[in-house]
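Worksheet: one structure, shown below.
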There are 4 protein chains.
Amino acid sequence: MIQIDPRSPTPIYEQIIQQFKELCFKGLLKEGDKLPSVRELSTMVIANPNTVSKAYKELERQGIIETLRGRGTFVSEKAKKTLDEGKMEMIKEQLKSLIIDAFYAGVDFQDVHHWIDEIEEEVGGEDGARSKKSDKDN
Amino acid sequence: MIQIDPRSPTPIYEQIIQQFKELCFKGLLKEGDKLPSVRELSTMVIANPNTVSKAYKELERQGIIETLRGRGTFVSEKAKKTLDEGKMEMIKEQLKSLIIDAFYAGVDFQDVHHWIDEIEEEVGGEDGARSKKSDKDN
Amino acid sequence: MIQIDPRSPTPIYEQIIQQFKELCFKGLLKEGDKLPSVRELSTMVIANPNTVSKAYKELERQGIIETLRGRGTFVSEKAKKTLDEGKMEMIKEQLKSLIIDAFYAGVDFQDVHHWIDEIEEEVGGEDGARSKKSDKDN
Amino acid sequence: MIQIDPRSPTPIYEQIIQQFKELCFKGLLKEGDKLPSVRELSTMVIANPNTVSKAYKELERQGIIETLRGRGTFVSEKAKKTLDEGKMEMIKEQLKSLIIDAFYAGVDFQDVHHWIDEIEEEVGGEDGARSKKSDKDN
DNA sequence: GTGGTCTAGACCACG
DNA sequence: GTGGTCTAGACCACC
């Protein structure tokens, strides 16, 4: 379910966050689904409970999951899609940097568009979080 | 020319790298142009010379610039665009994460495409590095 | 009567305590009134009986309610108002923290005074526990 | 400067947060002032660096302080006083609970008003963060 | 059983 | 020197 690369430069807790976000986004984890407990996951990925806990806390802070005390951690009912202008600006900046880096790796704007289409296909087939945007498409 | 935000979470040396890359990409810095010396830039942006040096070293490693001993640092003649498969995969992964984050900020795939077009206009109007790719577009 | 939010960061047993205190304070629960049994309340609010029991025990310890074995749990005859210096100091400390937090949320002392007046109106209209203090006001 | 009670039920990191907030609020720590380093403070209060770090992170998240990487931690230039409606509601709820608790400790609304005045005198003498509200008073 | 807090101490990135 | 990350393992509150 979750695959961690301990040798990766990106922190383990970041990897956990990212992968859960992706699972939710793809719809493989649906609203209300229970996540593995901190201890379970920490043994599964051979990480420290603290590290897992940190990831869960951040996911909760972002509104992706919520914890019901004594019962466990669950995918949040309302994956809040707050229109966050500040965050959007940040993401745009990151996107620009990414594209420039991509260019120096031999990729141009067309390729990036294609990549995004690929990601959309890979990810958007399920009726996950993505389905919410279908209103917009109609 | 270079604007540093000491409060930003991205390291200062990364900011320098990024901004020089952007300048080259936009064509505001052309092949053979001289960069400020480490000492000059470090006083200009109020940073530690070590920090600037680190940025220059990384830019040189990436083939964006080259240092001619005793003469200074210059934008590299041929911005080597090694088709680096590994790097492309990495960038693709980053792009996926970015898109997922964007989604949770209330943005969909269509919007991302538009953003990229915006970036292309902002950046691609000049006959900078990008122009080299135009062969591919045709 | 009692509303529990399982998502709230404040423990469920605390929420129960708080809400019963508020009901008594407002006079909606009067001296001698019978409280729901632990089992009743636990099914009503979908909580573990242990949790409800814990709340009742604490309320009893504070002298707000008393249990008559075999008969049930009742609002205590004399809501003992022990002048507890230690507790008062604690509350004062909490109040200070609260005000500082309020400030950073854009609220000043005057506003806090107004809030208290609002709470007084909301809560003090009934002839509940508060009425006992009216001697002091005169 | 900072006094920690390891026996207190409130977590050490909370105590640190609270005390720094109070210092800033009183104006004993002014904008731009340097806070002790994580290591310094952790030895000063006989706590683990992690615990101190956690406190600093939270203070930063709240916009009270900011860290300049490699240089240290400083009182934020702009103690952001975002009018946060949600937070204000939360604080109001806490205030209500506090007042009810206070009542059962033998305190009435008048007393609470007096307490607040006391806190205002204790805290508002300096030209600290509080001074910003003086515009409102005029 | 769950997550939350804390300690002790290691290693790394940044400036 | 600074803070950021992680491990190992303890204790507690809550359900």
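Scope of the values below: all heavy atoms of this structure, side chains included, with no hydrogens, waters or symmetry mates. In what follows, chains are A, B, ... by sequence order, proteins preceding strands, each numbered from 1.
Two residues are said to be in side-chain contact when any heavy atoms from C-beta on lie closer than 4.5 Å; A:Ile2 and A:Leu23 meet this criterion.
OP1 or OP2 of E:dT2 lies within a sub-4.0 Å distance of a side-chain N or O belonging to A:Ser37. Under 4.0 angstrom from either OP1 or OP2 of E:dG15 there lies at least one side-chain N or O belonging to D:Arg69. An OP1 or OP2 oxygen of E:dG3 is reached within less than 4.0 angstrom by a side-chain nitrogen or oxygen of A:Thr73. Close to E:dT5, at under 4.0 Å from its OP1 or OP2, lies no side-chain N or O of D:Thr51. Between D:Lys54 and E:dC6 there is no side-chain N or O to OP1 or OP2 distance below 4.0 Å. Taking side-chain N and O atoms only, A:Tyr56 has no distance below 4.0 Å to OP1 or OP2 of E:dG3.
When the P atom of E:dG9 is taken as reference, atom CD1 of D:Ile46 falls 14 Å away, rounded to whole Å. Atom NZ in A:Lys34 sits about 6 Å away from atom P in E:dT2, given to the nearest Å. The CD-P distance, from D:Glu66 to F:dG3, rounds to 14 Å in whole Å. Separating the CG atom of A:Asn50 from the P atom of F:dC6 is a distance of 11 Å, rounded to the nearest angstrom. With rounding to whole Å, D:Tyr13 atom OH is found 7 Å from E:dC6 atom P. To the nearest angstrom, P of F:dG3 lies 12 Å from CZ of D:Arg71. The interatomic distance linking D:Glu14 (CD) with E:dC6 (C1') rounds to 14 Å, in whole Å. A straight line from CD1 of D:Ile17 to P of E:dT5 spans 10 Å, rounded to a whole angstrom.
Across all strands shown, F:dC14 forms a Watson-Crick or G-U wobble pair, both distances under 3.5 Å, with E:dG1.
With E:dG3, F:dG4, E:dG4 as the choices, the nucleotide that has an atom nearest any side-chain atom of A:Val38 turns out to be E:dG3. When each of F:dT7, E:dG15, F:dT5 is scored by its nearest atom to the side-chain atoms of A:Ala47, the top-ranked nucleotide is F:dT7.
In the interface, the side chain of A:Arg39 is paired with the base of E:dG3 through a donor and an acceptor atom under 3.5 Å apart.
Salt bridge annotation for A:Asp101-B:Lys87: absent, with no cationic side-chain nitrogen under 4.0 angstrom from a carboxylate oxygen. C:Glu60 and C:Lys57 are not joined by a salt bridge, as no carboxylate oxygen comes within less than 4.0 angstrom of a charged side-chain nitrogen.
Contact annotation for D:Leu68: no contact, since no heavy-atom pair falls under 4.0 Å across all strands.
Atom CG in A:Leu68 sits 9.0 Å away from atom CG in C:Asp5 (nearest 0.5 Å).
Checked by atom type, the side-chain pair B:Gln18/B:Glu22 shows no donor-acceptor distance below 3.5 Å.
Along DNA chain E, the nucleotide nearest to B:Thr10 and the one nearest to D:Pro49 differ in position, and the one closer to the 5' end is contacted by D:Pro49.
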